[in-house]
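Okay, structure first, notes after.
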Amino acid sequence: MQSSISAVEVFISNTTKLFFSPKGALLKRDKVRSVQRKNLIISTLCLMPLSLSVQAMAEDVATPATTNLAVPATNVTPAAPVVVNEISTIIAAKKHPYLALSNFAHRAEDLDALYKVSGYKPIWLSDDSKATKIIGEVVKLLEDASIYGLNAANYDTKLLHEKLTALNPPLDVHSKDLALYDTAISISLLRFLHDLHYGRINPNDLDFNIQLRPEKTLDLPTLIANSLAQDTLSQLPAAVEPKLQQYQKLKQALAAYRIAEKSQPFTLQVKSSINQGNSLPKSVELQQFLVAMGDLPADKVDNSAVTYTDTIVGGVKKFQQRHGIAANGVINKSTATALNEPLGQRITQIELAMERLRWLPEITEGRAVIVNIPAFQLSAFDDITQDTPTTTMRVVVGKAAKNKTPLLTADMRFVDFQPYWNVPFKIARDEILPKLMVNPGYLSGQNMELISRSGKRIGGEDGESFAEQIRQGAMGIRQKPGKGNALGKVKFIFPNKSDVYLHDTPSVSFFSRARRDLSHGCVRVAHPEELAKFVLKNQDGWDNFSIEKALKSPKNQRVVLKNTIPVLFLYNTSFFDEHNNLSFYPDIYHHDATLLEALKTQTDLSDKVLFAPKEVVLPPTDEQPVNTTNANQIAPAVESVATADTKHIQSVTTPKVDSTVSP
């Protein structure tokens, strides 16, 4: 009470100095002044509670009534300036001392956007009562990165978990550690989600000629902020991971193989081939292994079997088919080798396949043609969301030794019936020219002709006199349409810098081989008529009859597609086939080994390598436009082409490359 009187006395003393003149009568009479001051102090102290009550009543009148008048206590930790400044400093520095990969320059823009909304205050450590729970959810997401084929160590899960364990509210709002831990969580989460959506490697560094995305559609900072506000952090991976059926199936298979890997490894030693009816000492173990791999129904297991029964043979045949082995049911050395392959190797193949699928532009709907190179298989989809393809067929791809088929994404724009084959320079120089020097009539015998660099036909088929010009690339060679043409009767064109395409072939015997890397780089299709009918099914003026007629006609003609079709040349050594079976293939180009080595180095993928620069709008021309479907999926890029039905139609104009590519 005495302290209150003293405080008010000081207040009144200062006030009287402001409002009363020193010459005033009140100030001259000390006694009166003293009495009046004490009375004023007492009156003021008595009136203060009343004043507060009146103020509270006024606020009650001004505030609308609510059904719940009890306001819950808040545990929000006020951010001290030192913490706010530290968060800003960390973002500006683009380096974080807690993290194994301290430089986060490629995630700095998203990190800044995430904290800008909160005024650069902590996001995860702003509420004592919730901090442990929400950080625990984030750390759990990162620790479960292997579910998606990612490496949890890349997201500093051990460090984040240790600091979570040591977290004891109330938090020290003046500690820089608050800013460091909060930003470490945010950077790790941003890295995880970015890797999950886009992949960890720049595909162009591994010669994957992938089209850049036209624009950035995934807003990670907003997605994280909304998930935090709505308490849906656990749903973040599903929101960003690829939606392709192939990817989702591989993710499920990865989980199954991880479970199987924890079981006792199965091994089978084979000295001689085991046929149906032969003794099979490990009959029960083999059956259990086939069940775990999905090759034998669990209810078909015969625990009393000691021989190689018909039921087990059926399971082995399916296993053989999925592993690229002749499905005859005989357990020979090649089958035993596949059975003994560590499941860890299969898991790695699945993880690498999932990584490559993340590289692809977002294709959410519409038609697509997919070639899986190591499977020697083409799959065509009326809708990419289909569970199984509309049609499939065998293909021949580039030779592994020197003519590898490139990995790419592009848009199919044209179909050429009875096409010309413009012989690639290296084939002309290294393969045709030596034959021409021995046999001057070689070109005419192969229905070939000489052309200028501009594509104009040069008279005469005696190419020996032009040998030096051919060797220097000043003159080219072209094969005319007709019997024996290397491209067969139809060619499917999707402009790309490697100048490869899909086409028919007169060498149909190659499709019966198990291993079919036999071309110079282009992809030969086993059923060109079936593919033409798929591609042109919605094309005005082209029904099955007109397609069949064009295939029989000697006339060269080009069809400009009304709607382009995405084409993807993939390289996945684990892949779900048209029968929904997970199949494994040899790494014929050694791309798996290369990717695995690249993934050993942790990096942050820059957005600059993912998105195409803004297009420059050009004035309209008189050229016929090409309507593009799925424009937001795969960006179109095409130059002028020769008109259809010309006698000597030219190839699509593409960048000149010194390529070994040929049919």
(message) By the salt bridge (charged side-chain N to carboxylate O under 4.0 Å, His left out) test, which pairs, at least two apart or in different chains, include something from residues 570-592?
(response) Arg356-Asp592
(message) For the backbone of Thr232 and the side chain of Gln235, can you confirm whether one donor and one acceptor N or O come within less than 3.5 Å of each other?
(response) no
(message) Check whether Tyr501 reaches the backbone of Asn496 with its side chain - one donor and one acceptor, N or O, closer than 3.5 Å.
(response) no
(request) Could you walk me through whether Leu568 and Val371 pass the side chain to side chain contact (heavy atoms under 4.5 Å, CB included) test, one step at a time? (result) CA-CA 6 Å; Leu568 299 85; Val371 173; over 6 Å; no
(message) Quick check for you: to the nearest 0.5 Å, what is the distance between Ile90 atom CD1 and Ser186 atom OG?
(response) 10.0 Å
(request) Not counting sequence neighbours, list each pair that qualifies as a ring-ring contact (aromatic ring centres under 6.0 Å, His included) and has a residue in residues 85-114. (result) His96-Tyr98
(message) Measuring only between side-chain heavy atoms, which start at C-beta, is Phe575 closer than 4.5 Å to Ser583?
(response) no
(request) Could you tell me whether the side chain of Asp182 reaches within less than 4.5 Å of the side chain of Tyr115, counting heavy atoms only? (result) yes
(message) Please give me the minimum heavy-atom distance between Tyr148 and Pro237, naming the atom from each residue.
(response) OH-CB, 3.3 Å
(request) Using atom types as modelled and distance alone, determine if a side-chain donor or acceptor of Arg107 lies under 3.5 Å from a backbone N or O of Leu605. (result) yes
(request) In plain terms, say whether Asp607 and Arg213 are close enough for a salt bridge, that is, a side-chain N and a carboxylate O under 4.0 Å apart. (result) no
(request) Without swapping roles, check the side chain of Ser606 against the backbone of Lys608 for a donor-acceptor pair under 3.5 Å. (result) yes
(request) Report, as yes or no, whether the 6.0 Å neighbourhood of atom NZ on Lys243 holds more than 12 heavy atoms from other residues, nucleotides or ligands. (result) yes
(request) Without swapping roles, check the side chain of Asn154 against the backbone of Gln602 for a donor-acceptor pair under 3.5 Å. (result) no
(request) State, to 0.1 Å, how close Ala612 and Leu212 come at their nearest heavy-atom pair, and which atoms those are. (result) N-CB, 3.5 Å
(message) In the structure I gave you, are the side-chain heavy atoms of Ile224 and Leu190 within less than 4.5 Å of one another anywhere?
(response) yes
(message) For a side chain to side chain donor-acceptor pair (under 3.5 Å) check, start with the C-alpha distance between Tyr120 and Asp112, then their side-chain angles and the critical distance, and finish with the verdict.
(response) CA-CA 8 Å; Tyr120 299 94; Asp112 183 67; 2.8 Å; yes
(request) Check whether any side-chain N or O of Thr405 sits under 3.5 Å from a backbone N or O of Gly521 as a donor-acceptor pair, and report yes or no. (result) yes
(request) Examine distances only and state if a side-chain atom of Ser118 and a backbone atom of Leu114 form a donor-acceptor pair shorter than 3.5 Å. (result) no
(message) Looking at Lys262, I want to see if its NZ is surrounded by more than 12 non-hydrogen atoms of other residues, nucleotides or ligands under 6.0 Å.
(response) no
(message) Strictly by salt bridge (charged side-chain N to carboxylate O under 4.0 Å, His left out), give each pair with a member in residues 158-170 just once, sequence neighbours left out.
(response) none
(request) Output the distance between atom CG (Leu570) and atom CG (Asn372), rounded to the nearest 0.5 Å. (result) 6.0 Å
(request) Indicate, with yes or no, if the rings of Tyr155 and Phe192 have centres closer together than 6.0 Å. (result) yes
(message) Looking at Ile185, is its backbone amide N or carbonyl O close enough to the side chain of Ser188 to form a donor-acceptor pair, meaning the two atoms are under 3.5 Å apart?
(response) no
(request) Answer yes or no: is there an ion pair linking Arg358 with Glu355, defined by an N-O contact shorter than 4.0 Å? (result) yes
(request) May I have all residue pairs that pass side-chain hydrogen bond (donor to acceptor under 3.5 Å, both in side chains) and include part of residues 80-90, sequence neighbours excluded? (result) none
(message) Quick check: Trp359 with Phe208 (ring centres under 6.0 Å apart)?
(response) yes
(message) Atom NZ of residue position Lys251 - does it have more than 12 heavy atoms of other residues, nucleotides or ligands inside 6.0 Å?
(response) yes
(request) Drop me the distance from Ile350's CD1 to Phe576's CZ, to the nearest 0.5 angstrom. (result) 7.5 Å
(request) Quick one: closest heavy-atom pair of Leu250 and Ala353, and the distance? (result) CD1-CB, 3.8 Å
(request) Please round to the nearest 0.5 Å and tell me the distance separating atom OG1 of Thr157 and atom CG of Leu164. (result) 12.0 Å
(message) If I compare all heavy atoms of Asp387 with all of Lys249, which pair ends up nearest, and what's the gap?
(response) O-NZ, 2.8 Å
(request) Look at the rings of His591 and Tyr571 and say which category their plane angle falls in: under 30° parallel, 30 to 60° tilted, over 60° perpendicular. (result) perpendicular
(request) Only counting residues at least two apart or in another chain, list the ones meeting salt bridge (Lys or Arg N to Asp or Glu O under 4.0 Å) with Glu137. (result) Lys133
(message) Between Arg346 and Glu261, does any NZ, NE, NH1 or NH2 come within less than 4.0 Å of an OD or OE carboxylate oxygen?
(response) no
(request) Would you check if Trp124 and Thr132 make a side-chain contact, meaning some heavy-atom pair closer than 4.5 Å? (result) no
(message) Assess whether a salt bridge exists between Arg258 and Glu351, defined as any Lys/Arg side-chain N lying under 4.0 Å from an Asp/Glu carboxylate O.
(response) yes
(request) If the plane angle is over 60° it's perpendicular, under 30° parallel, otherwise tilted; pick one for Tyr198 and His194. (result) tilted
(request) Drop me the distance from Leu101's CG to Thr603's OG1, to the nearest 0.5 angstrom. (result) 8.0 Å
(request) Could you tell me the separation between the CD1 atom of Ile363 and the CD1 atom of Ile384, rounded to the nearest 0.5 Å? (result) 5.5 Å
(message) Please give me the minimum heavy-atom distance between Leu178 and Leu125, naming the atom from each residue.
(response) O-CD1, 3.5 Å
(request) Might you work through the side chain to side chain donor-acceptor pair (under 3.5 Å) test for Ser498 and Asn209, ending with a clear yes or no? (result) CA-CA 8 Å; Ser498 298; Asn209 300 323; 3.0 Å; yes
(request) Establish, for the pair Arg367 and Phe534, whether the NZ or CZ atom is under 6.0 angstrom from the six-membered ring centre and no further than 45 degrees off its axis. (result) yes
(message) Please find the pair of heavy atoms, one from Pro361 and one from Thr409, that lie closest to each other, and give the distance.
(response) CD-CG2, 4.4 Å
(message) Please check this pair: side chain of Gln349 against backbone of Ser574, looking for a donor-acceptor N/O pair closer than 3.5 Å.
(response) no
(request) With sequence neighbours excluded, tell me which residues meet side-chain hydrogen bond (donor to acceptor under 3.5 Å, both in side chains) with Asn538. (result) none
(request) Kindly check if the number of other-residue, nucleotide or ligand heavy atoms within 6.0 Å of NZ (Lys130) is above 12? (result) no
(request) Say whether Ser175 and Asp172, considering side chains only, have a donor N or O and an acceptor N or O under 3.5 Å apart. (result) no
(request) Side-chain contact test, heavy atoms from C-beta onward, threshold under 4.5 Å: evaluate it for Tyr181 versus Pro122 and give yes or no. (result) no
(request) Inspect the contact between Arg191 and Asp195 and indicate whether a charged nitrogen and a carboxylate oxygen are less than 4.0 angstrom apart. (result) no
(message) Any non-hydrogen side-chain atom of Leu223 less than 4.5 Å from a side-chain atom of Asp219?
(response) no
(request) Establish, yes or no, whether a centroid distance under 6.0 Å links the rings of Phe569 and Phe494. (result) yes
(request) Measure the shortest side-chain to side-chain distance between Glu143 and His161 over non-hydrogen atoms and say whether it is less than 4.5 angstrom. (result) yes
(request) Determine yes or no for a side-chain-to-main-chain donor-acceptor pair under 3.5 angstrom, with Lys404 supplying the side chain and Ala400 the backbone. (result) yes
(message) Could you check whether any side-chain heavy atom of Asn204 comes within less than 4.5 Å of a side-chain heavy atom of Ile210, counting everything from C-beta outward?
(response) yes
